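Below: one structure, written as structure tokens.
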Amino acid sequence: MESVRTRFAPSPTGYLHVGGARTALFNYLLARRLGGKFALRIEDTDQTRNIEAADAKLLEDLRWLGLQWDEGPQAGGPFGPYYQSQRRDLYEEHVRRLLDAGQAYYALETREELEAMRKAAIAAGEKGFRYRRPTHFPSDAEVRRARDAGRPVVVRFKMPERDFVVHDQILGDVTIGAQELSDFVIVKNDGWPTYNYAVVVDDALMQVTHVLRGQEHLMNTPGQLALYEAFGYAPPAFAHLPIIFNMNGTKMSKREKDKVVRDAVKVAQLDDERVAELAGVDDAALVAAWRRGDTQLPGPALEKLARALAVHLPEIDIHDFRKSGYLPEVLVNFIALLGWSPGGGERERFTLAELCREFSVERIGKTNARFDREKLLAFSTAALEAASAERKLEGLRDWLSVNERGPLSGLDDALLARLIELCRGFRTFADVEYKCGALFVPDEALRYDPKAVKDVLLKGDGAGAKVLQELKPLLAGLADWTAPHLDEVLRRYAEERGLGLGKVAQPLRVAVAGTTISPQIGETLVLVGRERTLARIERALGALPAAT
RNA sequence: GCCCCCAUCGUCUAGAGGCCUAGGACAUCGGCUUUUCAAGCCGGCGACAGGGGUUCGAAUCCCCUUGGGGGCGCCA
């Protein structure tokens with residue numbers, strides 16, 4: 001029996017997004033489960049869409065998730081090259097076969113002509129437009145003349161005029177009628193193969209046995225099956241995965257980020273110039289096109305613009321989640337459950353290794369799923385709680401490495417590990433900074449949250465401020481600046497004054513952290529240190545409106 | 001518009017004719033705990049889209065309706 005081979009074949013248009021990650025994961029899991037090979041192939045045949053170094057980002061994201069491929073870029077393998085752009089001779093050779101056998105032909109229509117035909121068909125009340133096979137195919141001489149004249153030349157495949165049945169592993173048998181099929185383009189005017197054609201040549205040559213891909217590819221399958229037949233290759237088993245949506249029901253796509261920012265721009269009523277300035281781009285045409293919704297802005301520009309407008313970009317790419325502070329194993333676990341379920345019991349926490357053992361195509365569902373970030377957050381919280389100290393430190397350092405310098409940058413491992421401990425119950429690594437960041441900011445850069453100042457220091461005739469005044473000498477005189485001792489001293493002070501500990505700890509917290517959020521008060525003061533604690537109390541008191 | 005796919009709590013799902021008074025998880029609500037933010041613990045609310053069949057019996061099978069999604073590119 002021949003061994004199982006799966007593949008993930010993304011086009012390098014940017015970071016790996018959630019949908020792609022799940023497709024990659026499922027293919028990886030299937031290969032692992034069945035003891036086969038998982039290959040990675042880069043589909044970079046669209047010269048207009050390729051983005052510089054996007055494949056490197058893709059590889060990094062895949063690796064970060066732990067989905068190591070057995071064959072592909074950087075890994076090599078017996079069926080390379082693994083970039084479609086380097087396989088052109090293979091495609092040409094196969095087209096030759098089709099052309100010689102009369103199973104494909106040249107077509108010379110321009111895009112405008114096709115568009116006109118499309119319009120005419122609709123005007124004539126036909127149901128949808130389908131390319132009609134010409135009665136006469138251009139001769140070699142005509143093709144040459146067309147090329148010389150700069151007219152487009154493509155190659156179309158002669159689609160057999162019959163129904164096709166896709167034996168889908170998830171959906172069952174799906175019949176697509178002959179009237180839905182037409183002679184599709186297999187070689188573009190620029191000489192590169194189209195997806196529907198290259199994917200067949202590559203999967204066949206790479207001996208792929210199982211293709212797990214998004215359901216948006218279902219209707220492509222008949223054409224591909226026909227190509228397998230034409231070449232005399234055995235088709236792989238197909239399984240079309242349900243699609244992943246956002247919670248609001250919109251498709252989870254990279255465009256989502258542009259949309260969010262575009263809407264913010266609209267609300268802010270910014271003109272093109274201002275947008276270009278904020279985004280740091282000097283291409284006026286690009287900005288205009290982007291505002292119309294015709295194109296996407298480069299990642300960095302979009303992020304810059306989003307920051308300037310103070311809008312949160314939705315997490316779409318795996319890299320976004322990494323930057324938000326999730327552990328890769330959390331994403332893997334969560335994504336695995338989008339469309340697949342173990343069945344039987346009630347378990348839903350799995351490591352990658354466990355998934356490799358449990359996964360099966362039979363247990364993939366048919367219904368589309370929504371990506372619930374709340375549940376992801378809950379998974380993250382639980383995973384962080386269960387993770388070892390080493391794993392958490394590693395995760396925090398990774399998070400720091402993909403984010404801009406912040407208050408936690410540059411802290412040593414011992415201190416970072418300490419912070420993690422103090423943040424028990426945190427949901428993502430970003431929470432560690434949220435909770436402890438202020439303690440490591442230079443004193444002069446510390447910001448006081450107006451609401452916290454008002455509620456904790458000023459309220460009740462400045463009761464909080466009064467506590468701070470009294471605490472100042474008390475703290476200044478302490479010889480033992482350790483968390484247990486500080487807690488004890490504050491507890492005693494609160495008792496003497498007949499106050500709840502909150503009435504004492506909160507004012508201190510606001511003075512020292514600028515907000516009502518920080519680790520346990522004793523620990524907080526230790527992290528800030530005696531000198532800076534006293535200085536910050538002084539500064540907080542000084543910044544208050546005249547005491548009443 | 002045409003073709004195809006799908007349909008269980010708000011969300012992810014378990015369920016493969018009687019084990020279902022429909023189970024779990026997240027969210028939500030209430031309580032406990034409490035020096036903040038979280039976390040944690042206990043409890044509550046909450047679904048078989050609708051209508052026809054088939055059957056002794058249907059969330060499970062069939063049909064229709066409705067709703068959602070995908071496709072109809074020289075994108076992948």
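Since this is a predicted model, take the numbers as computed values, not measurements.
- An OP1 or OP2 oxygen of B:rA14 is reached within less than 4.0 angstrom by a side-chain nitrogen or oxygen of A:Ser341.
- At the phosphate of B:rA14, OP1 or OP2 sits under 4.0 Å from a side-chain N or O atom of A:Arg363.
- Contact annotation for A:Pro519: base contact, defined as any heavy-atom pair under 4.0 Å involving a base atom.
- Atom name C1', nucleotides B:rG68 and B:rU8: the rounded distance is 15 Å, in whole Å.
- Within the nucleic acid shown, A:Asp431 has no heavy atom closer than 4.0 Å to any nucleic acid atom.
- Positionally, the nearest nucleotide of RNA chain B for A:Gly522 lies more toward the 5' end than for the other of A:Asn368 and A:Gly522.
- The residue A:Lys251 sits close only to the backbone: its heavy atoms come under 4.0 Å of sugar-phosphate atoms, none of a base.
- The CG-C1' distance, from A:Leu218 to B:rC5, rounds to 7 Å in whole Å.
- With distances taken from any side-chain atom of A:Asp372 to the nucleotides B:rA27, B:rC74, B:rU11, the minimum falls on B:rU11.
- Phosphate proximity of B:rA76 to A:Lys188: present, with a side-chain N or O under 4.0 Å from OP1 or OP2.
- Of all nucleotides present, only B:rU66 satisfies the Watson-Crick or G-U wobble test against B:rA7, with each distance under 3.5 Å.
- Both tests do not hold together for A:Arg424 against A:Phe426: distance to the six-membered ring centre under 6.0 Å, angle to the ring axis within 45°.
- Within the structure, a side-chain polar atom (N or O) of A:Arg118 is placed less than 4.0 Å from OP1 or OP2 of B:rG73.
- Comparing the same atom, C1', in B:rG24 and in B:rG15 gives a spacing of 12 Å after rounding to whole Å.
- Using modelled atom types and a 3.5 Å distance limit, the side chains of A:Asn196 and A:Thr194 yield no donor-acceptor pair.
- Between A:Thr45 and B:rA76 there is a side-chain N or O to OP1 or OP2 distance below 4.0 Å.
- Geometrically, A:Arg363 does not engage A:Phe359 in a cation-pi contact, judged by NZ or CZ lying under 6.0 Å from the ring centre and within 45° of the ring axis.
- Nucleic acid contact class of A:Val154 (heavy atoms, under 4.0 Å, all strands): base.
- Nearest nucleotide to the side chain of A:Thr367, out of B:rG24, B:rC6, B:rC5: B:rC6.
- B:rU33 is unpaired under the Watson-Crick or G-U wobble criterion, no partner having all donor-acceptor distances under 3.5 Å.
- Each of A:Lys158, A:Arg156, A:Arg133 was evaluated against A:Asp183; a single residue qualifies, A:Arg133, per the salt bridge (Lys or Arg N to Asp or Glu O under 4.0 Å) test.
- Comparing the P positions of B:rC64 and B:rC9 gives an interatomic distance of 23 Å, to the nearest angstrom.
- Within the nucleic acid shown, A:Thr175 comes within 4.0 Å of sugar-phosphate atoms alone, with no base atom in reach, counting heavy atoms only.
- One interatomic measurement links the two molecules: NE2 of A:His240 to P of B:rC4, which rounds to 16 Å at whole-angstrom precision.
- Nucleotide B:rU21 forms no Watson-Crick or G-U wobble pair with any nucleotide shown, as no partner meets the under 3.5 Å limit on both distances.
- Straight-line distance from the CG atom of A:Leu486 to the C1' atom of B:rU35: 14 Å, rounded to whole Å.
- Residue A:Gln84 is out of contact with every strand shown, counting any heavy-atom pair closer than 4.0 Å.
- Regarding A:Ile521, its CD1 atom lies at a distance of 11 Å from the P atom of B:rU36, rounded to whole Å.
- Rounded to whole Å, the separation between the P atoms of B:rC19 and B:rU60 comes to 13 Å.
- Note on A:Pro152: a base of the nucleic acid sits closer than 4.0 angstrom, heavy atoms only.
- Protein atom CH2 of A:Trp340 is 13 Å distant from nucleotide atom C1' of B:rA14, rounded to whole Å.
- No donor-acceptor contact under 3.5 Å links the side chain of A:Lys366 to the base of B:rC5.
- The pairing partner recorded for B:rC72 is B:rG1, the criterion being a Watson-Crick or G-U wobble arrangement whose two distances lie under 3.5 angstrom.
- When the C1' atom is used for both B:rU34 and B:rA25, the distance is 27 Å, rounded to whole Å.
- With both ends at atom C1', the span from B:rG50 to B:rA7 equals 12 Å, rounded to whole Å.
- For A:Glu161, the CD atom counts as loosely surrounded, since its 6.0 Å shell holds 12 or fewer non-hydrogen atoms of other residues, nucleotides or ligands.
- Checked against B:rC74, B:rA25, B:rU35, the side chain of A:Leu501 finds its nearest nucleotide in B:rU35.
- Residue-to-nucleotide contacts include no donor-acceptor pair under 3.5 Å from the side chain of A:Lys375 to the base of B:rA27.
- A donor and an acceptor atom, one from each side chain of A:Asp55 and A:Tyr83, are located under 3.5 Å apart.
- Atom C1' of B:rC62 sits at a distance of 23 Å from the matching atom of B:rA22, rounded to the whole Å.
- Across all strands shown, B:rA47 forms no Watson-Crick or G-U wobble pair with both key distances under 3.5 Å.
- Partner assigned to B:rA39 is none, using Watson-Crick or G-U wobble distances below 3.5 angstrom.
- Among the atoms of the strands shown, none is found under 4.0 Å from any heavy atom of A:Gly365.
- Taking the ring centre of A:Phe379 as origin, the terminal cationic atom of A:Arg349 falls inside the region bounded by 6.0 Å and 45° from the ring axis.
- In this structure, the OH atom of A:Tyr83 is 17 Å from the P atom of B:rA76, given to the nearest Å.
- Picking from B:rC12, B:rU36, B:rC74 the nucleotide with the shortest atom distance to the side chain of A:Arg370 gives B:rC12.
- At the heavy-atom level, A:Phe245 lies under 4.0 Å from the strands shown only through sugar-phosphate atoms.
- Taking atom CZ on A:Arg424 and atom P on B:rA38, their separation rounds to 17 Å, with Å as the unit.
- Atom CZ in A:Arg130 sits about 9 Å away from atom C1' in B:rC2, given to the nearest Å.
- Judged purely by distance below 3.5 Å, without hydrogens or angles, the side chains of A:Asp317 and A:His17 never pair a donor atom with an acceptor atom.
- Ring orientation note: the planes of A:Tyr228 and A:Phe238 are nearly perpendicular, at an angle over 60° on the 30°/60° scale.
- Pairing partner, B:rA59: none, since no Watson-Crick or wobble contact has both distances short of 3.5 Å.
- When each of A:Ile170 and A:Thr194 is assigned the nucleotide of RNA chain B with its nearest heavy atom, A:Ile170 is the one assigned upstream, toward the 5' end.
- Between the P atoms of B:rU21 and B:rA59, the separation comes to 9 Å (whole Å).
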